[in-house]
Amino acid sequence: PPVIVERAEGHYVVDVHNRRYLDAISSLWVTTLGHRVPELDAALAEQLEKVAHTTMLGNGSRAVIELAEALAPRVPLDGAHFMFASDGAAAVEQALKIAFQYWSNTGEPARARYLGFGGAYHGDTVGSLSLGAGGFGAELFDPLRFPVLRAPGFDDADCLETAAKLVHDHAGELAAVVVEPLVQGAAGMHTAPPQDFGRLQDACDATGVLLICDEVATGFGRTGTLFASEQCGLRPDLMCLGKGISGGYLPMSVTAANHRVYDAFLGEDLGKRTFYHGHSYGGNALAAAVALRHLQLIDEKDVLVNVGERSQQLAGALVDRIEPLVAVKETRLRGLMCGVELHGAPGERRGRRVSAAATQRGVLLRSLGDVVVIMPPLTVTADEIELIVETLRAAIEEVIVA
Ligand code: PMP
């Protein structure tokens, strides 16, 4: 049965029957510092006394400008500019359209296709679904999904080398390559070695093909650095952020563009170069105020240090107590982004049942097929990591009888 949440306390959610669950999936990967963080609550209340929302279409707002100014030096883009939206998928759609129009604006409209990766997931809207590799019921929408060139997924050791070759071979027709740096999340937490991404960057640099990094899942400290692109040595032309941007408080996402891309849209007011795109709630002031305070708190609370320490602890516990279980095929971990892959058994829905058993025991987990995802808040404590591992171990032993 679904957990119906009534309230939350720190890293725990409390349901309508007053049962407490450790939120080990960070409410679908969005919660970074836990729930009801006093500083974020205060930032929200303070902004509420000024204004909740005004349109960014042709106008601006102090809260959003202050957030953009704080983000610009932190994102791995040269001369970052921002376009805000509400969901990760919308940030991806914006990036796809911006990349497409970039080549129209710069006089090379034949560069109009995209390169994606096997296993990729970028959201549920039609454009982001097209870039995604499928699964999760996407096939039904195949007639609507536009074709993309596709490199192998991160479960193939040569994927980035192949992608770089595809960029070279198809440069004349490619607008952009879209990649989830370091970890393909929804694919089941598949990881690629950070040093391999240099090949892709080099191919984009050599050919001019735009590099779009989708850090909706990996951004804001999840993999141990503020952005996973930093570990991979990537400097994208466009970057998509969402989920953790507001600490998990309010729907907010953003597409960041570097100066190369931004400059291609400068021109007369409402002219041919204008990017005609916008969402009603893009640049919500309440979300922006929370996001700004959240960015400061990541530093003030040394959150990245905790991610590193808890990740190490989790890595050790996985090796000692989860990997030896016969039901477990593999574990994958980067920062606090973790997948425990179970040996599949057709029709048994093992991932789902193990997650349900863990939830019954008070640790909220959710699976992607046979992969049980562990995505605790970035401020998770050592005791809570211990609780997650022990609960998962017990749940696997309960559900899967060897
Ligand atoms: N990109 C990636 C890498 C994601 O993991 C997700 C969501 N899991 C999205 C995009 C879509 O974000 P949203 O659900 O906010 O639309």
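For ligands, and for the atoms within them, numbers begin at 1 and follow the listed sequence.
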> Is the closest side-chain donor-acceptor distance between D23 and H35 under 3.5 Å?
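D23 vs H35: donor-acceptor pair found between side chains.
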> Between R361 and E398, is there a salt bridge with N-O shorter than 4.0 Å?
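Counted as a salt bridge, because a side-chain N and a carboxylate O are separated by less than 4.0 Å.
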> In Å and rounded to the nearest 0.5 Å, what is the OH to OG distance from Y249 to S27?
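It is 11.5 Å, given to the nearest 0.5 Å.
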> Hey, does V13 have a side-chain heavy atom less than 4.5 Å from the side chain of R20?
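Sidechains of V13 and R20: no contact.
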> Side chains of H11 and E384: donor-acceptor distance under 3.5 Å anywhere?
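The criterion, which ignores hydrogens and geometry beyond distance, is satisfied for E384 and H11.
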> Please enumerate all residues that pass side-chain contact (heavy atoms from CB on, under 4.5 Å) together with E348, with sequence neighbours excluded.
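By the side-chain contact (heavy atoms from CB on, under 4.5 Å) rule, E348 matches A345, R350, R353.
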> Listing by chain and number, which residues have a heavy atom under 4.0 Å from ligand 1?
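Only W29, D87, G88, A89, Y121, H122, G123, E180, D214, V216, A217, K243 have heavy atoms that fall under 4.0 Å of ligand 1, ordered by chain and number.
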